[in-house]
Structure formats: structure tokens, C-alpha cells
Amino acid sequence: SNLKLNWLVNLNDQIEQTINNIFIGTEVISYKDKVLVSSNNNFFVLDSISGSILNQKNFSLKTRPIVSNDLIFLITKNNLLISMNINDGNIIYSIDIDKNISEFIGLKKEKVSARTLMLVNNKIYIFLKNSHLIKLNLTGEIEEITKLPSNLETNPFFVDSSLFYLDRRNKLLKIN
């Protein structure tokens with residue numbers, strides 16, 4: 001309320017900090033009394049009052065993490081889907097997305113590129129840059145892979161169970 005700086009933590013492990021590398025990471029997420037943040041090489045859970053590091057993991061994120069019922073779901077730069085307990089830092093599971101997709105569709109393993117991670121109706125949705133949507137249950141098992149009608153240009157959003165997004169021509173698409 002008074003715009004006073006309460007704490008400052010340097011989370012990047014580079015010795016020389018410049019304006020170009022000091023803020024490398026993903027969006028900062030606030031959940032209850034914790035702050036979730038990814039730096040250039042690590043993922044941190046911080047105490048929001050003191051700024052102290054509660055948990056540190058040796059991976060960096062590709063997308064914004066999502067939190068539900070004290071579980072963090074995130075995608076690492078190595079394409080691992082990780083479910084982690086926010087309170088104790090224990091990893092519930094770590095799944096190789098590329099391998100699981102190839103096994104699900106019966107083709108050889110290829111690297112995919114995640115664009116957005118969302119939690120929708122107790123399902124994990126991974127939107128890929130190649131306009132595919134991967135739907136998983138909360139235990140990380142793939143339930144469905146869908147090809148969207150066109151590439152995503154914006155992050156998708158949901159209204160009344162319908163998926164909306166803009167495509168490359170700034171055309172608003174609705175999928176039921």
C-alpha cells in the first residue's frame with residue numbers, strides 16, 4: 001500500500017549482472033503466502049513476507065506455472081511436465097512430454113514446443129506452438145490430442161466452456 005520495497009533477491013546465478021540478464025525467467029506467481037519464480041537456471045518457491053527461499057529446484061521453466069490445491073504444474077525447458085507440492089517441494093511426478101506424445105500417437109519421438117499451460121475443468125491443457133492441444137488428467141496421463149483449426153497468435157481463454165483465441169490473421173476463433 002505504501003510502495004515500500006520489502007525485500008530484493010537476486011536469483012540468477014551469473015556473476016556479472018547486466019540489464020540484459022538480471023530479469024531472465026518467467027512470470028512471477030503469487031499463491032497464498034508464497035511466490036513462485038523461475039530464473040535463468042532454477043525454479044524457486046519464496047516466502048512472500050521475508051523473501052527467503054523455501055525451495056529451489058535445478059530446472060528452468062518454459063511456460064508460466066499453474067497452481068491448484070497446493071500442487072504446482074510446470075513445464076521445464078527440457079520439456080518435462082512436473083507436478084510438485086508447493087509446501088514441501090516434493091516432486092509428485094516428472095513426465096517427458098515428447099516421449100508421452102510419441103507413445104500416445106504411435107510415432108517416433110519428436111521435440112514439441114509448448115506455448116501455454118492451463119488448468120481447465122481439472123484437466124491439464126498444454127497448447128503447443130504447432131497448434132495442437134494436449135489434454136492430460138492431473139496424474140499426467142494424456143487423454144486426448146487435438147489439432148486446432150489454425151495457429152494460436154494469442155494465449156487462449158475460456159468463456160462458458162468454449163475456447164477462444166486469435167489466429168495469425170487476428171481472426172477470433174471459437175471452439176466448443
Side-chain angles (χ1 to χ4, degrees), residues 23-40 42-46 48 55 57 59-87 89-105 109-176:
F23 294 111
I24 294 173
T26 58
E27 266 182 74
V28 175
I29 306 295
S30 176
Y31 179 75
K32 295 184 179 177
D33 60 344
K34 295 176 179 59
V35 174
L36 314 176
V37 64
S38 174
S39 69
N40 54 349
N42 297 290
F43 175 73
F44 299 92
V45 177
L46 307 172
S48 63
N55 282 297
K57 299 296 182 188
F59 51 75
S60 189
L61 304 187
K62 184 181 266 188
T63 63
R64 178 182 191 266
I66 53 176
V67 184
S68 176
N69 298 325
D70 294 337
L71 291 178
I72 308 166
F73 298 95
L74 42 91
I75 298 175
T76 69
K77 289 188 178 177
N78 295 338
N79 267 1
L80 298 176
L81 172 65
I82 294 177
S83 173
M84 184 175 114
N85 184 302
I86 196 169
N87 296 313
N90 287 334
I91 294 181
I92 312 300
Y93 61 78
S94 175
I95 296 170
D96 183 334
I97 297 170
D98 301 330
K99 179 180 174 218
N100 279 19
I101 290 173
S102 67
E103 289 174 355
F104 186 82
I105 60 177
K109 182 177 171 180
E110 290 187 30
K111 190 161 181 70
V112 298
S113 186
R115 177 185 178 92
T116 304
L117 177 66
M118 298 177 90
L119 192 61
V120 180
N121 296 328
N122 284 323
K123 303 283 183 204
I124 301 168
Y125 280 34
I126 302 173
F127 291 88
L128 304 178
K129 289 185 179 175
N130 70 356
S131 75
H132 282 81
L133 168 60
I134 315 300
K135 296 179 186 177
L136 306 99
N137 62 28
L138 294 179
T139 62
E141 296 175 59
I142 296 176
E143 294 185 347
E144 181 181 351
I145 298 177
T146 306
K147 171 91 169 127
L148 299 173
S150 65
N151 289 340
L152 296 163
E153 190 61 30
T154 60
N155 285 332
F157 60 95
F158 289 85
V159 176
D160 296 329
S161 300
S162 294
L163 167 69
F164 291 87
Y165 68 93
L166 290 178
D167 68 6
R168 288 186 178 163
R169 292 172 274 166
N170 283 332
K171 185 177 182 181
L172 181 65
L173 296 172
K174 176 184 175 187
I175 299 170
N176 296 324

Can I get a per-line list of side-chain donor-acceptor pairs under 3.5 Å for residues 97-105, giving both atom names and the distance, sequence neighbours left out?
| from | atom 1 | to | atom 2 | distance (Å) |
| --- | --- | --- | --- | --- |
| Asp98 | OD1 | Asn79 | ND2 | 2.9 |
| Asp98 | OD1 | Val112 | N | 3.0 |
| Asp98 | OD2 | Asn79 | ND2 | 3.4 |
| Ser102 | OG | Asp98 | O | 3.4 |
| Ser102 | OG | Lys99 | O | 2.8 |

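Here Asn176 pairs with Ser162 under the side chain to side chain donor-acceptor pair (under 3.5 Å) rule; sequence neighbours left out. Arg168 pairs by the side chain to side chain contact (heavy atoms under 4.5 Å, CB included) definition with Asn151, Glu153, not counting sequence neighbours. Every residue two or more places apart in sequence or in another chain that forms a side chain to side chain contact (heavy atoms under 4.5 Å, CB included) with Leu119 is listed here: Ile66, Ser68, Ile124, Leu138. With sequence neighbours left out, the side chain to side chain donor-acceptor pair (under 3.5 Å) criterion links Glu144 to Thr146. Take Ser48 and apply the side chain to side chain contact (heavy atoms under 4.5 Å, CB included) test, not counting sequence neighbours, and it matches Asp33, Val35. Scanning for side chain to side chain contact (heavy atoms under 4.5 Å, CB included) contacts around Lys147 gives Ser131, His132, with sequence neighbours left out. With sequence neighbours left out, the side chain to side chain donor-acceptor pair (under 3.5 Å) criterion links Tyr31 to Asp70. The side chain to side chain donor-acceptor pair (under 3.5 Å) test applied to Lys109 returns Asp96, not counting sequence neighbours.
Closest approach of Asn55 to Ile86, counting heavy atoms only: ND2-O, 4.1 Å. Here the shortest heavy-atom pairing between Ala114 and Leu128 reads CA-CD2, 3.9 Å.
In this structure, NZ on Lys77 lies 8.5 Å from CG on Leu61, to the nearest 0.5 angstrom. In this structure, Leu80 CG and Lys62 NZ are separated by 9.5 Å, a value rounded to the nearest 0.5 Å. Considering OG of Ser60 and CG of Asn42, their distance stands at 7.5 Å, rounded to 0.5 Å. Between the CD1 atom in Ile175 and the CG atom in Leu133 there is a gap of 8.0 Å [rounded to 0.5 Å].
Applying the salt bridge (charged side-chain N to carboxylate O under 4.0 Å, His left out) rule to pairs touching residues 154-166 yields nothing, sequence neighbours excluded. Among residues at least two apart or in separate chains, side chain to side chain donor-acceptor pair (under 3.5 Å) pairs with a member in residues 113-129 are Thr116-Asn155, Lys123-Glu143.
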- request: Would you please test Thr139 and Asn137 for side-chain hydrogen bond (donor to acceptor under 3.5 Å, both in side chains) and show each step?
  value: CA-CA 5 Å; Thr139 62; Asn137 62 28; 2.6 Å; yes

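A 4.5 Å side-chain heavy-atom check between Tyr165 and Ser150 finds at least one atom pair inside the cut-off. For the pair Phe59/Asn78, no side-chain contact is recorded, criterion being any heavy-atom separation below 4.5 Å from C-beta on.
Note on ring orientation: taking the six-membered ring where Trp is involved, the planes of Phe158 and Phe127 are tilted (angle from 30° to 60°).
Exactly one residue among Leu36, Val45, Ile92 makes a side chain to side chain contact (heavy atoms under 4.5 Å, CB included) with Met84. That residue is Val45.
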